[in-house]
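Naming: A, B, ... by sequence-line order, numbering from 1 per chain.
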Amino acid sequence: MAAENGELTSAGYINHHLTNLTYGRFPDGSWGFAHGAQEAASMGFMAIHVDSMVWSLGLGMIMFIVFRSIAKGFSADKPSKLQCFIETLFDVAQDSKDSTFTKQAKNEWIAPMALTVFVWVFFMNLMDLIPVDWIPELFVAMGVEYMKIVPSTDVNIALGTALAVFIMIIYYSLKVKGPVEFTKELTLQPFGKWMIPFNFLLETVALLAKPLSLGLRLFGNMYAGELIFILIATMYSAGYFIGALGGVAQLGWAIFHILVITLQAYIFMMLTIVYLSQAHEHH
Amino acid sequence: MNINATLIGQTLSFFLFVWFCKKYVWPPMVNAMQERQNQIADGLAAAEKGQQAQEVAEKEAAQLISEAKSQAAEIIASAEKRGSSVVEEAKTAATSEKERIIASAQAEVEQDVHTAREGLRTQVSSIAVAAASKIVDKEIDESAHAGLIEDLVQQLKAG
């Protein structure tokens, strides 16, 4: 459990579980893995959460390996259960796009993007259901000090995904509406041309609120869920009775969390589609 | 919670994955699904067509059967007609044949009777000649004549 100072306390346990495996540049200019949260914080922006990135990319790759293998072995006559399930996911992505976008706004990228977002975020959230100690303990035994396996509880991952959505919003706003109309949209409403600075402020806040709320909603939900799993896990060290209670609590929270992770992934996908459809609309 | 380069890494990964999905995952899957949809639609259309064709064929078959039935009835009727006419012809032919045979038989009988009469006549005359010669030979004897005439009569009766 590798507590900060060798001593096993609840606070140390929780801190350990909430610390990423960070690789970056130390204040003295040398590069290496951070030992502890303070060192990681001291690295500033020039650091990367290796665990988050590896799990995020790995889960994405698993997703695509499954998709590719299903697409290659596609059977029209005798679809496997997995194929039926994945076909449903494709339909969900396509239907969500079709129901949100107007007929005129044709964009071949939205549906694949929605599918990627939905399944990828779902996979990242799904890691939350793996008991909190299993994989970190395994890595500690292998000599890796920190291992946070739920990428979406990392604010960088959630906001990074939202940032990508934000870039797409800006890109499609400029592409579909053109710079002039986009600028007009940002400055001439809601109060007309005499209030341009105020309008601009308002619209900019509204624009920036989209990716921020998108990313922070996912992060907040997943982080809170993970924290509760960790808190429940601390009950196991408090005697048989409270430990048993913890087992029940973990089971209940995990079952509830199945709903949360699916819902959060779906919300993330839907909002992404909605924001992008707004970027395609002419006023 | 440190904001760091992971943010950029995730953003880049996102674009990479979306690009990969759009390029290599979405098209084959959606095309295959579309293809199957078309297959199902085609299959249903073909089934519909087949059903219609079957209905048409059934109607045609029913018509053909009724036509065949009426034809068969006609054929039977005409055959019956012909049969009865054949029987009629045969009857008239047989009747005329019978009459012919009877006529020829009667003629033959008459011929035979005629021949027999002729034979009898010659026999009677020859017997008469023989009887006359005998009378001449033996002189006239009353008792002898009686016996002779009796004999002659007997011969006539036998002839």
Side-chain angles (χ1 to χ4, degrees), chain A residues 18 20 22 24 37 40-50 52-53 56-57 60-61 63-64 67-68 70-72 74-77 79 83 86-87 90-91 93-94 108-109 111-113 115-117 119-120 151 154-168 215 219 223, chain B residues 1-69 71:
Chain A
L18 292 180
N20 285 103
T22 313
S42 72
M43 286 173 173
F45 194 77
M46 289 308 289
I48 191 157
H49 291 158
V50 178
S52 292
M53 279 319 298
S56 163
L57 287 168
M61 279 171 198
M63 163 174 82
F64 282 132
F67 282 177
R68 276 294 283 181
I70 291 296
K72 276 199 167 172
F74 190 92
S75 160
D77 304 329
Q83 185 192 322
I86 285 170
E87 278 181 38
F90 275 70
D91 282 338
Q94 185 66 56
E108 297 293 310
W109 285 85
M113 190 271 313
L115 177 78
T116 310
V117 164
V119 180
W120 193 18
D154 185 343
V155 71
N156 290 293
I157 296 294
L159 281 181
T161 316
L163 176 66
V165 174
F166 183 65
I167 292 170
M168 284 172 84
F219 164 70
Y223 187 77
Chain B
M1 281 302 109
N2 317 305
I3 298 284
N4 57 28
T6 314
L7 186 84
I8 308 299
Q10 175 69 9
T11 306
L12 294 178
S13 315
F14 178 90
F15 285 129
L16 183 75
F17 278 174
V18 170
W19 172 80
F20 186 84
C21 184
K22 170 75 173 73
K23 206 81 185 166
Y24 298 108
V25 173
W26 190 264
M29 194 76 186
V30 169
N31 287 346
M33 284 161 73
Q34 190 63 45
E35 205 172 296
R36 182 179 49 191
Q37 266 182 359
N38 293 344
Q39 272 178 7
I40 290 171
D42 289 353
L44 286 176
E48 185 96 354
K49 236 183 226 173
Q51 219 163 15
Q52 277 174 359
Q54 198 204 358
E55 270 169 25
V56 169
E58 265 174 12
K59 268 182 198 165
E60 266 175 25
Q63 206 180 338
L64 280 178
I65 285 170
S66 71
E67 265 173 29
K69 267 183 185 166
Q71 261 179 351

Next on the checklist: Sort by residue number and list every residue of residues 39-50 of chain B having at least one heavy atom under 4.5 Å from chain A.
Outcome noted: Gln39(B)
Checklist outcome for this item: The interface call for Ala111(A) against chain B, heavy-atom contacts under 4.5 Å, is both
Item to check | Between Pro27(B), Pro28(B), Gly9(B), Ala32(B), the one whose heavy-atom pairs under 4.5 Å with chain A are most numerous | outcome: Ala32(B)
Checklist entry - So which part of Ser52(A) gets closer than 4.5 Å to some heavy atom of chain B, the side chain, the backbone, both or neither? => result side chain
Checklist entry - Is there side-chain contact between Phe14(B) and Trp120(A), with heavy atoms separated by less than 4.5 Å? => result yes
Next on the checklist: Quick one about Asn4(B) and Thr6(B) (side-chain donor to acceptor, distance below 3.5 Å, no hydrogens or angles considered), yes or no?
Outcome noted: yes
Checklist outcome for this item: Nearest heavy-atom contact between Phe64(A) and Phe17(B) is CZ-O, 3.2 Å
Checklist entry - Between atom OG of Ser13(B) and atom CE of Met53(A), what is the distance when rounded to the nearest 0.5 Å? => result 3.5 Å
Checklist entry - What pair of heavy atoms forms the shortest contact from Pro112(A) to Lys22(B), and how long is it? => result CG-CD, 3.7 Å
Item to check | Pro79(A) versus chain B, the contacting section by heavy-atom distance below 4.5 Å | outcome: side chain
Checklist entry - How far does CG of Asp91(A) sit from CE of Met33(B), to the nearest 0.5 angstrom? => result 4.0 Å
Next on the checklist: Could you check whether any side-chain heavy atom of Glu35(B) comes within less than 4.5 Å of a side-chain heavy atom of Phe74(A), counting everything from C-beta outward?
Outcome noted: no
Checklist outcome for this item: Per-residue tally against chain B (heavy atom, under 4.5 Å) across Gln94(A), Met61(A), Met63(A), Lys72(A) peaks at Gln94(A)
Checklist entry - Hey, would you say the Phe67(A) and Trp26(B) ring centroids sit under 6.0 Å apart? => result no
